[in-house]
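A quick write-up on the structure given underneath.
The figures that follow rest on heavy atoms only: side chains count, while hydrogens, waters and symmetry mates do not. Quick caveat: nothing in here was measured; it's all calculated off a predicted structure. In listed order, ligands and their atoms are each counted from 1.
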Amino acid sequence: MNIIWHMIRTLSLETKDLVGEKVKLQGWVDSKRDHGKVTFIDLRDYKGKIQVVGYKKLSDLRIESVIEVVGTVKQRSKQYTNPSLPTGEVEVEVDSYKLLNDCQELPITLDGDGLDINEVPRLQYRYLDLRRSRLQKNLRMRSVVIQAFRENLFEKDFCEIETPLLTKSTKEGARDFLVPSRFQPGKFYALPQSPQQYKQLLMTAGFEKYFQVAKCVRDEDLRADRGFEFTQLDLEMSFVTQTEVMKIVEEIVVRAVKTAGGSLVEGKFPVFSYQDAIKKYGQDKFDLRTKEQKQKGLLAFAWVVDFPFFKQVDRKDAAETRDSKSNWTFTHNPFSTPQPKFIKDHLAGRNIAKIKTAQYDLVCNGYEIGGGSIRAHEPDLLKATFKIMGYSDEEIQDNIGHMLQAFELGTPPHGGIALGLDRLVMLLAGENSLKETIAFPMSSTGRTAVMNAPNKVDIKQLAELGLKTIDQSENSVHDQILNKLHQNEISFQYLVHEPVISSEQAAKVRGTKLSSSAKALVLQADDEFILLVVAGDRTLNLDKIQIETKAARVAMASKKSVLNKINLEVGAIPPLGSVIGLKTYLDKSLEAEEKIVFSAARKDRSIIMDTVDFIRLENPVIKDFS
Ligand code: ASP
């Protein structure tokens, strides 16, 4: 009997050609049907599933546990074949089996596509979530796409080169993630927003054709489907024209899409000028598909070119405001070259709004899939870009002096592009969220999957880095609210917006109804502070709350006493008294709303959640207080 365990493992899919043979299978219990004397299990491995039959065996096994089975492959009789399984004509009759790892009760269900499960548990148990066939398919498709890119680029003589993760800021229009240095306390590295500068320096170094599957990190405002990291296929070439880069990119994209089983609208990718795109579609990312092509799930790619180089700084955008020191900032990439006919103006800083860049964006089905440009490879041109953005000579040296120097030491003309891998795979897989194509994506509130970062670190560790955190009390209530929601596995929507003071203003910027806004008021009932929550469109009735609290006197707490008591400004008070140490009273009208919307202890952050979850979490006194 012992000898059997030394047999080589057979994969589920291979069993179909092994009728009559003795095999050893290893895998997960995908499903189980117990009929008393006989138990059926579908055993799953990375290749598929196979039915395993145990006579007076297997019934003790639990779903999703890991097992090893030794048995004989048998042909199923005609009436019992399962045409939906590639192994459906055979089954394995068990001689012996053993449990390799048990599976306790599953914290999330794994049958179905998982789209109806909250993000919080799905990401907490991502290693389970990933077992579902939809995600297995998506991630394997991602791997196929990467392989197709690699193979094609190698054929085209590209060289794959890695660039550093700990580096200096490279401007891509977002905030940087900073990493403190232990050797030089008080100084910081930046994580790359892209390998832009290094790949250009590889051109100076004579590699001529570079590519990398690159992780980029940008501290941007989160959206439902986007985290702080993403992956791009990054490439750069020397001695190329814009048309040549676009042609090569077309070839590799078409091949990758086809290899991954996708279909696209045949023919060359159409090219639109930015101006025409705006005129025709109202934006620079558009969907070219006809209704029929949409139904067929085709991908329709197009190029957009002739972008303006500069735009006015949007003061609401922190990174844009910081990157520019004048009123001008780049639309795409500060390292691009202006188109030849605008070079004179560019160098002179004249007619800035009219200068066009040699930038090309690739769009597909309404999304921007990639972007690149021919670069400025002469120091004067690059310097002029930063001059237009208001940088002094000293600031220019400080920021890009190393590039300017390389541009004086034999840098060939060059250009390149980056393609967003997550997004391309999302479209190929027919998914609606980038997260469905990433193994361990971040939550919509910036938490990492499974491991739950960011988290606090030891004070000693901070000291070693020369760092001290300031306790921003306004933020800490905000963090406590998020923590509480996470801990209770409540799903919610998190909004970042301009600061607001009144409920009316808030409802407007959030785009939500006033009647579902939770206005939180701090009251003083005799000596006690309490929190009363009414809908944004209601007024509070103090008499009713007085009856409820049996206080002799009830009044709105003064601004000063609110600040003293809970250290929050009026306008930022959350309806969660439990977080700020106050008892909560909720007006009945809000109970009737499906969603409750409120400021998350910051004037510029809001939360939308199900009212039932809110009530379960906070357990307020609910009565008619308006
Ligand atoms: N660095 C640019 C980006 O990440 C792409 C490029 O121009 O190559 O968007």
field: Lys/Arg N to Asp/Glu carboxylate O, Lys258 vs Glu266, below 4.0 Å
entry: yes
query: Quick one: does Gln197 get a heavy atom under 4.0 Å from ligand 1?
result: no
task: Establish, yes or no, whether a centroid distance under 6.0 Å links the rings of Phe286 and Phe272.
output: yes
message: Can you confirm whether or not the ring centre of Phe310 sits under 6.0 Å from the ring centre of His346?
response: yes
query: Please state which protein non-hydrogen atom is closest to atom 9 (O) of ligand 1 and give its distance, to 0.1 Å?
result: Glu172 OE1, 3.6 Å
message: Applying a heavy-atom cut-off of 4.0 Å, say which part of Ser194 lies close to ligand 1: side chain, backbone, both or neither.
response: side chain
message: Starting from atom 4 (O) of ligand 1, what is the nearest protein heavy atom, named by residue and atom, and what distance separates them?
response: Arg218 NH2, 3.0 Å
statement: dist Arg423:CZ -> Glu368:CD (nearest 0.5 Å) comes out at 7.0 Å
message: Any heavy atom of Lys199 closer to ligand 1 than 4.0 angstrom?
response: yes
message: Using every non-hydrogen atom in the two residues, find where Thr411 and His377 come nearest and quote the distance to one decimal.
response: O-CD2, 3.3 Å
field: Ligand-side contact atoms (ligand 1) for residue partner Ala418, heavy atom cut-off under 4.0 Å
entry: 5 (C), 8 (O)
field: Side-chain ion pair, Lys199 and Asp234, N-O less than 4.0 Å
entry: yes
query: Are Phe158 and Tyr210 near enough that their ring centres are under 6.0 Å apart?
result: no
- line: For Ile417, the ligand 1 atoms with a heavy-atom partner under 4.0 Å come out as 8 (O)
task: With heavy atoms only and a cut-off of under 4.0 Å, state how Glu368 meets ligand 1: side chain, backbone, both or neither.
output: neither
Part of Lys171 with heavy atoms under 4.0 Å of ligand 1, whether side chain, backbone, both or neither: neither
- prompt: Do Phe301 and Tyr367 have their ring centres less than 6.0 Å from each other?
  reply: no
message: Tell me the protein heavy atom at minimum distance from atom 7 (O) of ligand 1, and give that distance in Å.
response: Arg375 NH1, 2.9 Å
- request: Report the part of Gln232 (side chain from C-beta onward, or backbone N, CA, C, O) that has a heavy atom under 4.0 Å from ligand 1; answer both or neither where that applies.
  value: side chain
task: List for me each residue that meets side chain to side chain contact (heavy atoms under 4.5 Å, CB included) alongside Glu244, sequence neighbours excluded, and say none if there are none.
output: Val240, Thr241
- prompt: To which of Gly416, Gly415, Gly371, Gly372 does the heavy atom nearest atom 5 (C) of ligand 1 belong?
  reply: Gly371
- prompt: Does ligand 1 have an atom that lies less than 4.0 angstrom from a heavy atom of Gln193?
  reply: no
